[in-house]
Amino acid sequence: MAEASRSDTTTNKTPTLRGQGLLASQELYQYILETSVYPREPEPLKEIREATADHPWGIIATTPEGGQFMALLLKLIHAKKTIEIGVFTGYSVLLTALVLPEHGKITAIDPDREAYEIGLPIIRKAGVEHKIDFINSLALPILDNMLQDPKSEGSYDFAYVDADKENYINYHERLMKLVKVGGLIVYDNTLWCGTVAYSESSLSNTCKLPEMVLSKVEFVKELNKVLAADSRIQMTQLPVGDGVTICMRLY
Ligand code: SAH
Ligand code: CA
């Protein structure tokens, strides 16, 4: 999500949702998009972004600058086999499919097939549908199923988690088995519109943030604590998009 305000508990400004990610100004955000992101955004991704813009939940799609960053990570590690949790209309799954080699495979899980179908014709036209195994389901039972097969363990190069925040810690435990040593797990929305840093009173005094955002702050804060304390990973948290945490499995 890119809708965060930078809020602030110190200035007592009421947080609102604005389309500039976590950056201080809309102008700076536009500058980054127009200088470094849009000119390099592959045409099919632009098409999915535009097809998603009118969706009532369009704002939850992966941001183009977040997507560009993810594409770089995928290339750096020469990813071939990935997992995606939370597909929506397909921006991040398409960017992954465009980066993966011809024989690459993405296991993409989301219970909302209808949203995926918005992006599917564009994915087909881009000629990369064969790399995507879309599973129309909640993710947790699928990950548990995958773990039943010993061949799945440690077989994935990369995982992108962009779904229900209350389950991120559950996903982490499973992905730490499915992703290989040296592989990456990327969590999206880990700064949650900046709300992770709000004081209790600032959170309870604001009615400008949707209930959906407010109700999940504690889950994101707990995830951040758990990841920071996990010695099995090398990690970093960056204010790209709505906050992205990148974890490399060390053992
Ligand atoms: N990565 C997407 C955005 C994902 S939005 C993009 O680039 O556009 C979050 C998605 O998580 C929604 O599509 C929602 O249906 C999905 N989701 C919610 N709960 C889920 C669960 N338990 N398992 C898998 N997906 C889930
Ligand atoms: Ca997201």
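Atoms within a ligand are numbered from 1 in the order they appear, just like the ligands themselves. What you see is a predicted model; the values in this text were computed from it and never measured. We use all heavy atoms of the structure for the numbers below, so side chains are in, but hydrogens, waters and symmetry mates are not.
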Atoms in ligand 1 flagged as close to [X], the criterion being non-hydrogen separation under 4.0 Å:
X	value
Ala163	11 (O), 17 (N), 25 (N), 26 (C)
Asp112	15 (O)
Phe88	2 (C), 3 (C), 4 (C), 5 (S), 8 (O), 13 (O)
Tyr171	21 (C), 22 (N), 23 (N)

_What I want to know is whether Leu138 and ligand 1 share at least one N or O pair that is separated by under 3.5 angstrom._
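Between Leu138 and ligand 1, no N or O pair is found under 3.5 Å apart.
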*Report yes if Ser92 has an N/O atom closer than 3.5 Å to an N/O atom of ligand 1; otherwise report no.*
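Such a contact does occur with ligand 1.
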For [atom], closest protein heavy-atom neighbour:
atom	answer
atom 25 (N) of ligand 1	Pro111 CD, 3.3 Å
atom 5 (S) of ligand 1	Ile60 CD1, 3.4 Å
atom 7 (O) of ligand 1	Thr62 OG1, 2.6 Å
atom 2 (C) of ligand 1	Val87 O, 3.3 Å
atom 23 (N) of ligand 1	Ala139 N, 3.0 Å
atom 20 (C) of ligand 1	Asp164 OD1, 3.5 Å

*So between Thr52, Val93, Asp162, whose heavy atom ends up nearest atom 3 (C) of ligand 1?*
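It is Asp162 that holds the nearest heavy atom.
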*Does any N, O or S atom in Asp188 come within less than 3.0 Å of the Ca ion (ligand 2)?*
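Looking at Asp188, which is the residue asked about, there is an N, O or S atom under 3.0 Å from the Ca ion (ligand 2).
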*Would Arg124 and Glu129 pass as an ion pair if we require N to O under 4.0 Å?*
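Yes, charged N to carboxylate O under 4.0 Å.
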_Between Arg232 and Glu173 (salt bridge meaning N to carboxylate O under 4.0 Å), is one present in this structure?_
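Salt bridge between Arg232 and Glu173, a charged N being under 4.0 Å from a carboxylate O: yes.
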*Are any of the heavy atoms in Ala115 under 4.0 Å away from ligand 1?*
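In this structure, Ala115 fails to qualify as a contact of ligand 1 - no heavy atom is under 4.0 Å.
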*Does at least one non-hydrogen atom of Asp110 fall below 4.0 angstrom from an atom of ligand 1?*
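Yes, Asp110 has a heavy atom closer than 4.0 Å to ligand 1.
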*Tyr116, portion touching ligand 1 at heavy-atom distance under 4.0 Å*: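 No part of Tyr116 is near ligand 1 at this cut-off.
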*Please examine the side chains of Phe158 and Val179, heavy atoms only from C-beta on, and report whether any two atoms are closer than 4.5 Å.*
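With C-beta onward as the side chain, the pair stays apart.
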_Thr82 side chain near Tyr160 side chain, heavy-atom distance below 4.5 Å_ =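 The answer is no; the side chains never approach within 4.5 Å.
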_Atom CZ of Arg40: over 12 foreign heavy atoms under 6.0 Å_ =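 No, the 6.0 Å shell around CZ holds no more than 12 heavy atoms from other groups.
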*Testing Tyr171, Tyr168, Phe219 for ring pair (Phe, Tyr, Trp, His ring centres under 6.0 Å) with Tyr187, which one passes?*
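That would be Tyr168.
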_Hydrophobic clusters here meaning ILVMFWY residues chained together by side-chain heavy-atom distances under 4.5 Å, can you tell me if Val87 and Ile109 are in one?_
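Different hydrophobic clusters.
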*According to a 4.5 Å side-chain heavy-atom criterion applied to Ile, Leu, Val, Met, Phe, Trp and Tyr, with indirect links allowed, do Leu100 and Ile48 form part of one hydrophobic cluster?*
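Same hydrophobic cluster.
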*Do the side-chain N and O atoms of Ser231 and Tyr251 include a donor-acceptor pair separated by under 3.5 angstrom?*
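Judged by distance alone, the side chains do pair up.
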*Do you know the tightest heavy-atom contact between Asp110 and Phe88?*
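Looking at all heavy atoms of both residues, the closest pair is OD2-N, 3.1 Å.
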_Nearest 10°: the angle subtended at the Ca ion (ligand 2) by Asn189 OD1 and Asp162 OD1?_
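It rounds to 80°.
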*side chain to side chain contact (heavy atoms under 4.5 Å, CB included), paired with Cys247, selected from Leu175, Val186, Leu184, Leu227*: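 The residue from Leu175, Val186, Leu184, Leu227 that satisfies side chain to side chain contact (heavy atoms under 4.5 Å, CB included) with Cys247 turns out to be Leu227.
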